[in-house]
Amino acid sequence: MSKQIQLASRPNTPVVLWIVALTCLPEVVLTILGTDLLGQTDLRRLALIYMGFWNGLLGDLTGVYPLQREVMFISYAFLHSGFLHLIGNMIAVLGLGGIVVARIGERGFLLLYALCTLGGAAGFALLSTSTGPMIGASGAVFGLIGAWKFWEWQARRAANAPMRPLWMSLVGLTLLNLILWVALSGLLAWEAHLGGFIIGVLFAAIVTPSMRHRI
């Protein structure tokens with residue numbers, strides 16, 4: 001019988017709830033103002049222009065406001081294509097946030113989240129040829145997954161537990177991305193997922209190289 005590996009969790013800590021609330025705020029505002037009653041349907045397009053990650057801004061395009069090229073590496077994560085996109089990401093943040101906080105604390109969670117957001121943008125910038133905007137917190141989400149999977153690997157190694165469930169979960173994660181990429185006709189920003197995941201694994205490996213390490 002394989003040993004069960006369960007990592008400690010501290011769910012619903014203030015920093016995780018604040019990140020979720022701040023990420024939900026733009027979608028709530030855009031949805032309310034975009035109703036037939038208020039008729040501000042142009043706001044979502046403007047939000048994409050101002051907050052989305054545009055590869056073109058790293059080349060010849062000029063931003064519509066100062067430092068947009070730098071700001072978009074973070075702002076894109078606070079904008080989503082709709083409530084379904086938003087809810088999926090925020091459920092993941094709530095679920096994984098407790099595991100991260102239990103291991104490295106609230107400040108550690110905030111640092112990891114920010115770095116993985118940057119990593120997601122960097123992955124998209126390096127690997128994507130898209131001319132459209134990239135939005136969503138999935139780069140950060142996959143960074144949290146990367147850290148979680150590294151800690152699971154640590155725990156399995158320390159307990160001399162089989163690694164097969166870990167590898168199978170990673171295969172499943174890859175297949176899920178492939179299925180979503182096909183279902184969305186290639187509009188899935190897998191490059192951001194990969195960038196965030198790599199940063200999450202590297203962060204966990206550097207900051208918590210053994211089971212006893214905490215920050």
ask   = So do the side chains of E106 and F109 get within less than 4.5 Å of each other, counting heavy atoms only?
value = no
request  = Would you indicate whether L175, at its atom CG, is surrounded by more than 12 heavy atoms from other residues, nucleotides or ligands within a distance under 6.0 Å?
outcome  = yes
ask   = For the residue pair G52 and P133, what are the closest heavy atoms and their distance?
value = CA-CB, 4.4 Å
ask   = Do N89 and T23 have side chains that get closer than 4.5 Å, going by heavy atoms?
value = no
request  = Working to the nearest 0.5 Å, report the span between CG of L96 and CD1 of I91.
outcome  = 11.5 Å
ask   = Does a sphere of radius 6.0 Å around OH in Y50 hold more than 12 heavy atoms from other residues, nucleotides or ligands, not counting ones at 6.0 Å or beyond?
value = no
query = Any side-chain heavy atom of V16 sitting closer than 4.5 Å to one from Y113?
reply = no
Point-to-point distance, once rounded to the nearest 0.5 Å, from CZ of R10 to CZ of R103 = 14.0 Å
key: Reported CE-to-SG distance for the pair M90 and C24, which is rounded to 0.5 angstrom   = 6.0 Å
Nearest-0.5 Å distance that lies between atom CG in L112 and atom CZ in R107 = 16.0 Å
Show me the donor-acceptor pairs within less than 3.5 Å that the side chains of residues 186-203 make with the rest of the protein, sequence neighbours left out.
{"unit_1": "H193", "atom_1": "ND1", "unit_2": "N177", "atom_2": "OD1", "d": "2.6"}
{"unit_1": "H193", "atom_1": "NE2", "unit_2": "S138", "atom_2": "OG", "d": "3.0"}

request  = Take E152 and R157 through the test salt bridge (charged side-chain N to carboxylate O under 4.0 Å, His left out) and record every step on the way to the result.
outcome  = CA-CA 8 Å; E152 182 185 342; R157 187 179 62 168; over 6 Å; no
query = Out of curiosity, does L144 fall in the hydrophobic cluster containing L7 (side-chain heavy atoms, cut-off under 4.5 Å, transitive links)?
reply = yes
ask   = What pair of heavy atoms forms the shortest contact from A77 to H80, and how long is it?
value = O-CE1, 3.6 Å
inquiry  = Is the shortest side-chain heavy-atom distance between W148 and V100 below 4.5 Å?
reply    = no
ask   = Under 4.5 Å between any side-chain heavy atoms of K149 and L170, yes or no?
value = yes
task = Measure the shortest side-chain to side-chain distance between W151 and I104 over non-hydrogen atoms and say whether it is less than 4.5 angstrom.
result = yes
note = Nearest heavy-atom approach of L79 to A47 is CD2-O, 3.5 Å
inquiry  = Treating S130 as the side-chain partner and G132 as the backbone partner, does any N or O pair qualify as donor plus acceptor under 3.5 Å?
reply    = yes
task = Any chance you could measure F53, atom CZ, to L58, atom CG, to the nearest 0.5 Å?
result = 4.5 Å
task = Enter the distance from E27:CD to R44:CZ here, rounded to the nearest 0.5 Å.
result = 4.0 Å
request  = Could you tell me whether the side chain of I135 reaches within less than 4.5 Å of the side chain of S81, counting heavy atoms only?
outcome  = yes
